Structure formats: structure tokens, C-alpha cells
Amino acid sequence: MDSEMTTKDEEMEEAAPQKAEEEKKKKSKIVMLVGAPGSGKSTFSEDVMKTSSRSWVRVCQDTIANGKTGTKAQCLKKATDALNDWKSVFIDRCNLDREQRSEFLKLGSPHVDVHAVVLDLPARLCISRSVKRTGHEGNLQGGKAAAVVNRMLQKKELPKLNEGFSRITFCLNEKDVEEAVKTYGALGPLDTLPSGSFGQKNPDAKVQLGIMKFMKKVKPPNNSSKDPVSKQESKETNPSSKEQDVVAFSAQNTDKNIKADGNSRERPAAGSAMTNDIPTLAFPSISTADFQFNHKKASDIIIEKVEEFLDKIGNGRLVLVDLTSGSRILNLVKVKAEQKNIDSSKFFTFVGDITQLYTKGGLHCNVIANAANWRLKPRGGGPALEIATKEAAGDAGCIEPGSALTVPLPSTSQLHKREGVTHVIHVLGPNMNPQRPDCLNNDYDKGCKILREAYSSLFEGFTSIVRTLTKEFNKDPSKSVSTVPSSLIDQRSKREGVFESDSNKKYKGPKVEVGVEKKSESTERFTGDGTIKTWGSWAQSLHRMAMDPEKYNKDVLEISDDVVVLNDLYPKAQKHLLVVARKDGLDRLTDVRVEHLPLLRAMQNVGVKWAMKLISDEPSLVFRLGYHSDPSMRQLHLHVVSQDFNSTHLKNKKHWNTFNTAFFLDSVDVMEEIEKCGKAKLNDNESLMSVELRCNKCRSAHPNIPRLKSHISRCRAPFPSDLLQNGRLVLAPN
DNA sequence: GTTCTAGAAC
DNA sequence: GTTCTAGAAC
């Protein structure tokens, strides 16, 4: 409509908006904040917005959904809207890994620069801030915060320019942050900043410098005495306070007391290839030495927390370590663990120096705990110790009692190279010693609470490491979970992304990319109602194992031409195995035809064989073998599950009903059905998942899972007659 | 398959 | 106030 107007003014009016638009376009910026909770992202953006003459929009995931935590998608939308409005945007979420950042980077354009401001402050500072703050918008408070921050920092990938940033500013301390606030606050509407990466000291450092220096204080035994630092330390440290002080990390040039725990609690043969592969956390008793926490109470808490976490740590194990075999706490815990019948292959006690468990005790522990005493004041342990502590604690001064800090060890560190320790978890317990700071004055209510928190944080940290290892292993099974000595196994490959050693070569097999399906249609399944569902990536692991069992050697109990036998990763009973068919294309029961009967019989036979083997070890076990009508995991698999259903992994109605309704099809019945009708009759009915919870023996109904579980642990009724027929149950001959 | 968490149920 | 479930996200 303006096109016909010809006066000068009007021409100018026509051109002006275009020009203004261009100008506006140029001035938009995305500043992506990168940092853990507590690193000060929100404060940073607020401080900039206070002084800036630009128009900023802060996109904060913690508050985006009407003040509550929202989704990444919501953030993307708000950012897009703001950019369309020619505003500049702060992306205020952690953005700690490349994947999380990638979608926001796509919002960049020739007119919109994307900057990163990395708030790479000491982990302790972030943790203590997150723990302390109340009413934080993201609701990340209290003890949980420490675990969350730890987990996040472990996965941290610092941003690089090649991701698409035009400028990256690294802030390693408060002063850097102040500078960056000034820089961005002073940025006028049309100003630009030089491109490039600023402020990063060591591009590949994942570990805080202070802690790296701290760790370097661990020297091999033969040269530690030459090191004036450790000499001083061992001289000046009160032997009675060894455990709580950082002396755990000073080399102890002594052989005394380095011996395996000779007492009754069984310790799996250390040093064998098998045990080397088990993620293991060695930890001292927290707070019982220098912090004078009551030993009896402490031992109860250790047992309580060990029991709580034993199921969460997957294939990992926990080892309580003390220097002397006469240790009271060690003996208390040992007796209680025996009384409680705790699996001694997953938790045991060990006598030795926690920094030399592998070289002096033959016990490989990839993670060790340091019962920290960050608050050690100068009089505590001599100048060297003071410096070390200060460095490790950074500007924040301390970690909070009850919290833990996971520190990955550089591969160059002695602990890593010599002992195979890949992580140290620092944990601070409650103090009952009036001679030490923050004494709780015999307040054991509070003390026990903090000690529980401390163990929770410690075990949580370890759980997270185990999880990461397992994930890495699943992603690339040729990368061993083992870390002994990890420097020999994966350092180069991690750096260069190649595997050339012979042991890895032989697993390479045919040129099939792991995780990439050969046939796209094979990831789909036809459900009963004629719809097609896609198998999610998490649902593919059994298929992968069945196709390449050698790659998963240590997770597999048996490999034959027909089947692979393995322990269910999340057992729903004391014993829960899977017999997985190896035939490609047999995803589930609907794919089974008469020609597969021999295979089904083979699966049944292998399942019975394993059930009988387990029964011979534990005659009270009773097994049922069967298939799920609509399995979640791809690749036909037979469940061999003991009927106690005593497992922490059995958590909800669906878990129960998949094993205790018609959804569960007994192997014997399936084979009979196929023989008769040519295929299995499925009970793929969603409503079966929501039927009331009934005891598998007396068939009584129960209102919820905890009540049901408590009932089945006591119910002594015989199995119902239908289960006792046709060999549906495998049980010990009486 | 699990984890996380809001809100229902108690 | 605490326990438990169910649904979304992964």
C-alpha cells in the first residue's frame, strides 16, 4: 500500500524501517551461561541486567513454568520469542554438556551471536551455596544439592568455539565473574565484543587446580620420604587423628598393618581379573576417629546405609577400611553385617592403608573416600597440611558436614597410576570433638542425622560413578569397566578415540556399528491391536547382547549357539535370570512360530538347568519360567524368576502384575499352545497391569506395594494348585 | 526398562 | 506430615 507513495519523506519512511530492522537484528545476542547449580548464573544475569542499557530477557529453566522448573523446550520457545522481539537473551540453565547446549546454539544466526559465559567456580563453592540457599527458584536445596552438583560436574564438558560460539568467557573465580559482569553490563545496544575464547587456563582440565596439587602429595612409597612435604606431614600429624585428617592422602611409608582382613567375613580373591572389574568404593569410618563420634551409633548407621545402598550400586561393592585389625568400629560393623546377613561379596571390611589397598593389600578399589576435615585450623596438622587443605577447599573454605565432593583423579596422579583409583570422594562427617571446630556438643540427634547424610552423599557419589561406568560400558562394551590400572587401558583411547590393542580388536567382529540398527524396520514391533510401536534405544540392549554376547562377556552367565543367559539388570526377586534367544528377528512372542519350538525347548531346558543350579545353592528358592505378553525389551527372552519377589527393584504395580497375572505366560504353556495352534495366545491387555495386587500364594489382595511386599515376606501358604501343575514351578525335591 | 516428582491418599 | 502412585521424561 505504500508502494505508490512517492514523496521524499515517504520514501525515507519506507527505507527506514528496513534499516532499523537491520540494526536491531545486529544487536541481538544470546549469552549462554554454563555452570553447576550454585555457580551464580542467575546472579550473573541479574547483575548484568541491572546496569545494562540493552534490552535483555532472562530465560531461566528453574522458573519458566509459572515460577516452577520447566522444560528445555519451554526455554527454547521463550528464547526464540525474545529474539524475534530483537531482545538479547540469557540462557540461564546449567548447559554443562555439549548436547544440552546444541539446540540453543541453533538459535544463533548471522545476526545473532551466541556467547558462552562459563562459571567454572570451585565445586565446593557451588555445593555449599546450593546446600545453603533456601527458597532457591529451582528448589535444589539441602543435602540433595551436593549429590546433584557432584553428578553434574562429573559430566561437565566445557564449551568450545567449534560448537558455534563466537565468544567464550571462562570465569574461574569471583574476580573473573565480576570482570565478566562489567564487560557485559557495559555493552551498549550496538556494541560488540571481540570473538574468541577468554580466561581458560588449561583447556582439558576437569579437575580444580587446587585439588590436583593436593592429590600430587600422594607419592609412591619409595620416594615419599624424600618429599619434605609428606615428611613434615607424617611427623606432625597426630596418629590418633589419622583417619579424619588429610593424612589419608599423605604417603605412609610403612608396611605395618597392611594385610588382608583375616577374619571370618569372606573377601573375594583380590587381584583376579574378575574382581578387578567390580567397581569398588573403599571408605573409612566417618567421624569415629578424630571427630570422636560414638562407635556403636556409627556402626549402626554404617550398616543401615550400606543396606540401603547395596541394591542401588549395581554390580559395585563397598569396603570399610581401617588401618588396624584391632579397630573397634571395624569389628562392630563386621559383627553387625554378619547378623544382618549382608552379602559379603558386596560389602566387607578390610584392614590396610586406604591409599595403598592395591599395591599392599591386593584389593582393587577404583574409588576411595576421604573422610575430610576441611575445617582443620592451622594448629591441626602443620603448615603443609594446612596449605593442602586450603588449596583443596578453595575459596569457599569448606564443604558442609554431611555432604560429599567427588573428584576425578588425573591419570597422571600416583593414586590413579599405582592404585587404579579413578575418583576420590571427599566427605565431611559430624564432629563430636570439642577440640575441633563445629562441635555438636553431644547432640547425637543432629550428629546421627548428619552422619547418615554423609554416608548417603558418599554412597550416592559412588552410585553415580558406577552408573557412569555402566553407561560407558553399554555404549561401547569394548571399553572395559575395569580401571586396573586404568591408565593402561583407556587413557589413550579416551584421548584419541581409537582402540587398537589386540584384546579390543578381537571384539570388533563384523563391521556393524554398535547401537546403529542394520534394519530400521527391526526396531519396530507390531502390537496386539495392530499398531506399530518403536523399540526405544534403551529397549535394545538384550538384542545387542544376543547378537554379540562376547562383547558383554562379564555380564553373561552362559553363551551357547541358541541362547545367552544373564542376570536381569533390575532383578525383581532374589534370583532373576534371563534366557535370551540368539536368533535375529525373534523380537518377542508374537514372532514365534512352530519352527521355533526346538529353540523354545532349548530355552526352557537352559532355564530349568539354571534354576536347579540356584536351588542347589539355596533350596528354599522356587522358580517360575515364562514370557511377558508384551515385553519392554526387544529380543525374545525367558524370565527365570524366583517366587519370593524379594527385591528392592520391585517397586510398582506394573512390576508385580507383569509376573503375577496372565500377562506372564508360563514357558510350558506357551510351548503347548504353539504346538497346538501354531502360535502363542497372548494376554496383552493393559487392564491386567492395573488389577488389584494379590499374593502369589494365598491370593489375598493388598492395597499397595509396600503392604503386599510385607505380606509376601511372611505368607507361608502353599502355591495355588494351578501353578503346582504341569511343571510350571521348579522347586527343590522334598 | 528406570528415574523423578506432583499430587492423591492416608 | 508422610507415604505411595502414576505419568512424563529419558
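Source: prediction; values computed, not measured. Labels below follow one simple rule: chain letters A, B, ... track the order of the sequence lines, proteins then strands, and each chain is numbered from 1. FYI, side chains are in, hydrogens and waters are out, and symmetry mates aren't considered; it's all heavy atoms of this structure.
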**OP:** Indicate the ring-plane relationship of A:His628 and A:Phe664, choosing parallel, tilted or perpendicular according to the 30° and 60° boundaries.
**Re:**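 Judged by the thresholds at 30° and 60°, the geometry between A:His628 and A:Phe664 is perpendicular.
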
**OP:** Tell me the stems DNA chain B sits in, counting at least three consecutive Watson-Crick or G-U wobble pairs, each under 3.5 Å on both distances.
**Re:**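 Stems for DNA chain B, defined as runs of 3 or more consecutive pairs: B:1-10 with C:1-10.
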
Sidechain N-carboxylate O distance under 4.0 Å for [X], [Y]:
| X | Y | result |
| --- | --- | --- |
| A:Arg728 | A:Asp669 | yes |
| A:Asp81 | A:Lys77 | yes |
| A:Asp644 | A:Lys575 | no |

Within the 4.0 Å heavy-atom criterion, would you say [X] contacts the bases, only the backbone, or no part of the nucleic acid?
| X | value |
| --- | --- |
| A:Asn704 | sugar-phosphate |
| A:Lys651 | sugar-phosphate |
| A:Lys572 | sugar-phosphate |

Looking only at side chains, do [X] and [Y] share a donor and an acceptor under 3.5 Å apart?
| X | Y | result |
| --- | --- | --- |
| A:Lys305 | A:Ser456 | yes |
| A:Thr71 | A:Gln74 | yes |
| A:Ser102 | A:Arg98 | no |
| A:Asp92 | A:Ser42 | yes |

Subject >> Boundaries of the chain A footprint along DNA chain C (any atom under 4.0 Å from a heavy atom) >> reply: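 First-to-last contact on DNA chain C, by the 4.0 Å heavy-atom rule, is C:dC4 to C:dT5.
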
